[in-house]
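Note that these values count all heavy atoms, side chains included, but never hydrogens, waters or copies made by symmetry. Order of the sequence lines sets the chain letters (A, B, ...), proteins ahead of strands, with each chain counted from 1.
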Amino acid sequence: MFQDRLQALLLPAVQNAFRELFGQAPDAVAFQSTRPEFEGDITINVFPFLKLSGKGPEQTATAVGGHLVQHAGIVERFNVVKGFLNIVIADAHWQAFLHEAAEHDLLQFPSTGQQVMVEYASPNTNKPLHLGHARNIFLGDSVGRILQAAGHDVVRAQIINDRGIHICKSMVAWRQFGNGETPESSGLKGDKLVGKYYVEFDKLHKQQVAELEAGGMAPEDAAKSTPILREAQEMLRQWEEGDAEVRALWARMNGWVYDGFNATYARMGVGFDKVYYESETYLLGKQDVLDGVAKGVFFKKPDGSIWVDNTAEGLDEKVLMRGDGTSLYMTQDIGTAIRRFEEFPAMQRMIYTVGNEQDYHFKVLFLILKKLGYAWADGLYHLSYGMVDLPSGKMKSREGTVVDADELMEEVVQEARKMGEELSKLDDFSEAEKDVLYEMVGMAALKYFLLKVDPKKRMLFDPKASIDLQGHTGPFIQYTYARIKSLLRKAQVAGDGPSWSGGTPEQPTVDNHQLLPEERAVIKLLHQFPAVLNDAALKLDPAALANHTYEVVKAYNSFYQSVPVLKEEDAAKRAFRLELSATVAHMVKKAMWCLGIEVPERM
RNA sequence: GAUCCCGUAGCUCAGCUGGAUAGAGCACCUGCCUUCUAAGCUGGUGGUCGUUGGUUCGAAUCCAACCGGGAUCGCCA
């Protein structure tokens with residue numbers, strides 16, 4: 001439905017040509033963009049059809065091209081180079097498309113009625129969010145927006161790992177060294193404060209390990225036997241028993257963390273429709289696992305532990321419940337998935353945005369749910385993204401090389417400010433207006449930097465490059481947008497407005513305005529936009545959209561540089577170029593919205 | 001050891017459902033602001049697409065092996 005519109009128009013015409021010329025039509029035709037060194041808009045490679053035509057490549061291409069010019073209104077002319085049929089599409093078609101794109105939001109597809117949950121951000125509550133979370137969150141947020149633009153009903157979900165040994169470690173350390181310190185008393189952001197005590201825990205633990213080792217204990221035993229760790233484990237036990245004091249401390253410290261996370265999310269510009277807490281879900285799944293045993297899907301070992309055998313599927317046996325009946329991560333994930341589909345009965349898909357180190361876990365999880373017979377299991381998807389490396393190598397929390405998300409955002413915004421002050425184009429802006437703008441520009445730099453790379457690939461985060469505002473960056477795109485808006489403001493002052501009227505792609509009106517190469521290049525890229533969005537939605541790949549947006553903007557800048565708009569004396573041409581500019585602006589704005597990036601009216 | 005992912009210009013990345021002479025950005029060299037925002041535009045330098053074989057009219061793209069990097073393989077999460 002949202003395949004390339006031009007191809008949709010051309011395909012029947014091409015098939016018809018083959019049928020009439022050679023008596024048989026191909027089922028599909030692989031169209032490609034014409035390479036810039038040849039004349040044409042779209043190209044068909046006829047090599048695959050030589051058997052069908054029974055003629056040589058040049059003859060086949062020429063015959064088909066001739067037929068298209070005769071019978072397909074939108075084909076203006078053609079040329080043949082080797083087996084390549086280069087087709088020139090009539091200006092009227094491009095103009096009609098532009099007119100349609102100007103009047104409609106072609107990057108908003110009609111509702112599919114399909115409900116999709118996108119889960120992203122699954123932080124532990126013992127430490128602040130870092131660069132890795134940032135990639136995860138921006139990716140999940142963008143995928144949610146892209147799916148919305150593609151017409152789906154999106155539910156954004158977050159799962160917070162609020163219980164477990166990790167938070168107990170922070171709690172123990174705080175109780176021991178905290179002296180009642182709070183975010184208010186210390187001025188520290190809540191998540192930072194709790195993270196500080198996690199570090200304190202680790203320091204003391206290491207010290208105690210060293211002491212134990214000095215006392216002759218084997219290193220691996222020592223690491224499991226420190227008094228402070230024992231204390232944390234005891235606290236976890238008390239938590240599970242529902243000890244009032246422990247629960248109160250736990251709730252209090254997690255509360256601090258949520259305030260901190262929420263501040264970070266707010267600056268990131270992301271939000272959630274549903275927040276799940278592990279403390280409320282960690283017991284789920286036990287009954288489901290037992291039911292699975294009853295159904296014969298799982299099996300029990302002599303020690304009482306429950307397993308699934310995935311060897312037939314090329315995987316291993318996997319334990320689902322401990323011998324003592326306590327649950328595991330997998331148990332919990334099974335239960336949580338089932339409950340979510342009960343909670344949202346209309347939901348057809350659920351996307352987990354989680355790093356690729358958990359590829360195996362999700363493979364097994366999905367397989368298990370399928371074996372349990374849930375029809376929706378086919379709608380489960382692990383959006384697996386690659387790790388973020390630093391120029392110095394891997395991020396290691398132990399080595400303190402983790403890039404804090406808050407600090408990172410502050411840094412890019414400061415850089416945007418520095419650049420903005422240097423250029424000093426905004427002398428009439430108030431301080432508050434400047435703050436808003438620099439925030440927008442800095443965040444664009446960061447988000448675009450993280451989103452322009454194929455999500456599944458491991459990526460390198462170069463801090464210097466991430467604050468770059470030139471070239472293939474978010475601010476470059478924002479800048480183009482702002483320039484267009486400036487143009488449009490001036491045009492309105494001058495009393496100009498889009499006044500051009502055309503037809504539809506199916507019935508293009510005749511227009512005597514001959515497109516300039518620069519205009520045509522921009523329109524062609526705009527024309528591909530909906531197909532690119534569709535592709536990005538199918539592949540859950542914001543990078544595809546990010547890269548195409550850049551292509552559009554680059555082509556527009558080239559046009560802007562060499563073709564007058566407001567200075568064009570011919571009113572019809574001026575109106576047409578304004579409409580072209582306005583359309584670039586609104587499509588780019590929508591595409592950037594899909595990436596979670598805002599665009600400024602001025603910069 | 002097994003399984004999975006990745007290897008494209010000095011650096012960071014596109015391109016990968018097979019198609020024409022492999023593209024961007026950064027960096028480096030070059031030109032363009034009395035003209036619609038120079039956070040811009042123009043030109044140039046820069047490649048055995050990890051290696052070898054295979055499939056094909058045609059391979060960066062598909063297949064195999066190998067080399068290099070990473071991840072996972074816990075009754076952890």
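Annotation: ring-ring contact (aromatic ring centres under 6.0 Å, His included) contacts involving residues 535-563 of chain A, sequence neighbours excluded, comprise A:H472-A:Y550, A:F476-A:Y550, A:F529-A:H548, A:Y556-A:F559.
Contact of A:T480 with B:A39 (side chain to base): no donor-acceptor pair of N or O atoms is detected under 3.5 Å.
Residue contacts shown for A:L460 are limited to sugar-phosphate atoms, with no base heavy atom under 4.0 Å away. Contacts of A:L328 with the nucleic acid, taken as non-hydrogen atoms under 4.0 Å apart, involve only primed sugar atoms and P, OP1 or OP2. A:G323 comes within contact range of at least one nucleobase, with a heavy-atom separation under 4.0 Å.
When the ring pair (Phe, Tyr, Trp, His ring centres under 6.0 Å) test is applied to A:Y277, the partners found at least two apart in sequence or on another chain are A:Y258. Annotation: salt bridge (charged side-chain N to carboxylate O under 4.0 Å, His left out) contacts of A:E37 (sequence neighbours excluded): A:R35. Residues forming a side-chain contact (heavy atoms from CB on, under 4.5 Å) with A:A121 (at least two apart in sequence, or on another chain): A:P123, A:I137, A:Q158, A:Y265, A:F272. Residues satisfying the side-chain hydrogen bond (donor to acceptor under 3.5 Å, both in side chains) test with A:R489, not counting sequence neighbours, are none. Take A:E551 and apply the salt bridge (charged side-chain N to carboxylate O under 4.0 Å, His left out) test, not counting sequence neighbours, and it matches no residue.
The closest donor-acceptor contact from the side chain of A:T336 to the backbone of A:Q332 lies under 3.5 Å. In this structure a side-chain-to-backbone donor-acceptor pair under 3.5 Å is present from A:S466 to A:P463.
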Protein-to-nucleotide contact annotation, 5' to 3' order, nucleotides 1-9 of chain B [B base; S sugar-phosphate only; - none; under 4.0 Å, heavy atom]: -----SS--

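Considering every non-hydrogen atom in both A:M603 and A:Q478, the closest pair reads SD-C, 3.6 Å.
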What nitrogen or oxygen pairs link the protein and nucleotides 55-58 of chain B at under 3.5 Å?
none

Between protein and nucleotides 25-34 of chain B, what N or O pairs are separated by less than 3.5 Å?
unit_1	atom_1	unit_2	atom_2	d
B:G25	O2'	A:H472	N	3.3

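Rounded to whole Å, the separation between the P atoms of B:U45 and B:A64 comes to 39 Å.
Stems are defined here as 3 or more consecutive Watson-Crick or G-U wobble pairs with pairing distances under 3.5 Å; those involving RNA chain B are B:1-7 with B:67-73, B:10-13 with B:23-26, B:50-54 with B:62-66.
Here A:F84 packs flat against the base of B:A20; its ring centre is closer than 5.5 angstrom to the base's six-membered ring, tilted by less than 30 degrees.
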Expected list for residues 439-446 of chain A: side-chain donor-acceptor pairs under 3.5 angstrom, two or more places apart:
unit_1	atom_1	unit_2	atom_2	d
A:E439	OE1	A:R267	NH2	3.1
A:E439	OE2	A:R267	NE	2.8

Taking distance alone, no hydrogens or angles, what donor-acceptor pairs closer than 3.5 Å link side-chain atoms of residues 416-423 of chain A to residues at least two apart or in another chain?
unit_1	atom_1	unit_2	atom_2	d
A:R417	NH2	A:D435	OD1	2.6

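Remark: A:K301 qualifies as a cation-pi partner of A:W307 under the 6.0 Å distance and 45° angle criteria applied to the six-membered ring.
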